[in-house]
Amino acid sequence: MSTLIPSRRFVTLGQFIIERQADFPYAKGELSRLLRDIGIAAKLVNREVNKAGLADILGEHGETNVQGEDQKKLDVYANEQFIRALGAGGECIAIASEENEDLIEISSSVSQNARYVVCIDPLDGSSNIDVNVSIGTIFSIYRRRSEVDGSARVEDFLQKGTEQVAAGYVIYGSSTMLVYTTGRGVNGFTLDPSIGEFCLSHPDMKIPQSGKIYSINEGNYAHFPEGVKAFIRYCQEEDTSTGRPYTTRYIGSLVADFHRNMIKGGIYIYPSTGKAKSGKLRLLYECNPLAFIMEQAGGLASDGRTRILELQPESLHQRTPLFIGSPELVNTAEAYMRQEQETTAS
Ligand code: P6P
């Protein structure tokens, strides 16, 4: 009599990565350990985010980060947790973080032969912490280019987005999810607090080819490029055959706006504005990882003209405009941007 093996109730992140080792060209457990390290830090950050209103961890840390933004205590805590976890894991040789002006070299003995560098925004949208709005972590993983036995160099980070070996985000929302890609599709894992594990909840995520949501801070309308203004007017025009006017949704927390669009379809735009001529969002640890994920989910990501993943980074904290989401909406927005360019040129 054969024994019936009950079908598994859930697949944890760790089990999934091991079962999908072939997805990662440099397997030998390296990706497993990198994502395990990120998952550990995410669980610790999640614990603090969930009690932020209770613990004396709210409010200003009294410092400002390299972006000149007020650092919340949770920003600092999150940055420390990801640096500590990646440093202890032995697979990462250096980190570029939104919270640090220069790259952070991991000098521990376990990391001396590490082959990867990680770009990270440890807690994006942190201005929303005090009002209990979802926030997120965004990360991007590259193979180092410098010699394994030498120190990491800034060139290890200044690689095009097409060179990423993995990318992902954590969203600390009504539930906490970790979503990642290694270039073989996108998979989402929801944290089950009862067992402390991220469990596969959104296999093979695909963004709808179109959508009815446009996400942009219209408070900056006066300073938008004409092509963006024309796209917004397109979204607001009455045309029942195309389901317009569309709906505007803007949470002001990139990971939350991005994740909603991944599920429902839509477009998120942070263009150049009067205050931010190159846009506000950073290429290395916000736009490149989200663009990698979006393309793997069947969407598009550009700066309004050029594919994000093809942009050549020149500095760690470089900014870029971002148009990202359902392909039909991104293509329409880019058409209005081209039209503006042609009008300006003529
Ligand atoms: P604005 C948060 O500071 C952030 O980097 C993203 O999470 C968010 O989408 C954007 O800035 C909001 O910027 O200028 O619209 O407040």
Side-chain angles (χ1 to χ4, degrees), residues 42 45 49 52 58 60-61 63-76 78-79 82 96-100 119-140 167-173 176-177 179 213-225 228-229 231-232 248-264 266-291 293-294 299 301 303-304 308 316-325 330 333:
V45 171
V49 166
L58 271 180
E60 307 304 323
H61 180 57
E63 307 285 336
T64 57
N65 65 15
V66 65
Q67 319 294 335
E69 295 166 344
D70 292 343
Q71 276 193 314
K72 304 280 183 187
K73 288 180 180 176
L74 260 178
D75 276 335
V76 177
N79 198 36
F82 283 101
S97 169
E98 185 209 23
E99 298 297 334
N100 298 78
C119 307
I120 192 161
D121 186 352
L123 207 59
D124 180 79
S126 52
S127 56
N128 294 294
I129 293 170
D130 294 358
V131 295
N132 213 0
V133 163
S134 300
I135 51 184
T137 296
I138 311 168
F139 63 90
S140 169
Y169 63 88
V170 181
I171 179 167
Y172 310 97
T176 294
M177 279 189 71
V179 177
I213 294 172
Y214 67 100
S215 187
I216 188 168
N217 183 344
E218 294 192 53
N220 298 319
Y221 184 88
H223 305 291
F224 284 158
V228 171
K229 292 179 180 178
F231 176 69
I232 291 173
T248 181
R249 288 284 184 274
Y250 193 70
I251 301 170
S253 184
L254 174 59
V255 173
D257 280 313
F258 179 90
H259 185 71
R260 182 212 47 245
N261 288 351
M262 278 280 282
I263 306 292
K264 292 182 176 288
I267 184 171
Y268 173 95
I269 301 176
Y270 206 108
S272 61
T273 67
K275 277 193 297 182
K277 296 299 182 195
S278 299
K280 174 181 183 182
L281 303 177
R282 278 60 55 114
L283 177 58
L284 260 61
Y285 40 78
E286 291 173 325
C287 300
N288 264 337
L290 294 182
I293 293 164
M294 182 53 75
D303 64 3
I308 290 289
L316 295 182
H317 302 288
Q318 162 175 346
R319 300 174 191 263
T320 175
L322 179 67
F323 295 60
I324 191 167
V330 174

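Indexing begins at 1, ligand by ligand and atom by atom, following the structure's order.
In this structure, D257 does not count as a contact residue of ligand 1, since none of its heavy atoms falls inside 4.0 Å of the ligand.
For ligand 1 and L254, the ligand atoms under 4.0 Å from any heavy atom of the residue are 6 (C), 7 (O), 8 (C), 9 (O). Heavy-atom contacts of G125 reach the following atoms of ligand 1: 2 (C), 7 (O) (cutoff under 4.0 Å).
Where the criterion is an N or O separation shorter than 3.5 Å, residue side chain and backbone included, N220 fails it with respect to ligand 1. Between L281 and ligand 1, no pair of N/O atoms sits closer than 3.5 Å.
Only the side chain of N217 comes within 4.0 Å of ligand 1, judged by heavy-atom distances. Using a 4.0 Å cut-off between heavy atoms, Y268 contacts ligand 1 through its side chain alone, with no backbone atom that close.
At a cut-off of 3.5 Å, with distance as the only test, no side-chain donor of N288 or S140 sits close to an acceptor on the other residue.
Heavy-atom contacts from other residues, nucleotides or ligands closer than 6.0 Å to NZ of K229 number more than 12.
Taking every heavy atom of both residues into account, I269 and A333 meet most closely at CD1-CB, 4.4 Å. Closest approach of S253 and S134 over heavy atoms only: OG-O, 2.8 Å.
Comparing R282, E286, K280 by heavy-atom distance to atom 3 (O) of ligand 1, the nearest is K280.
Using the six-membered ring where Trp is involved, Y169 and F258 have ring planes that are perpendicular, over 60° apart on the 30 and 60° scheme.
Distance CG/D257 to CD1/I267: 12.5 Å, rounded to 0.5 Å.
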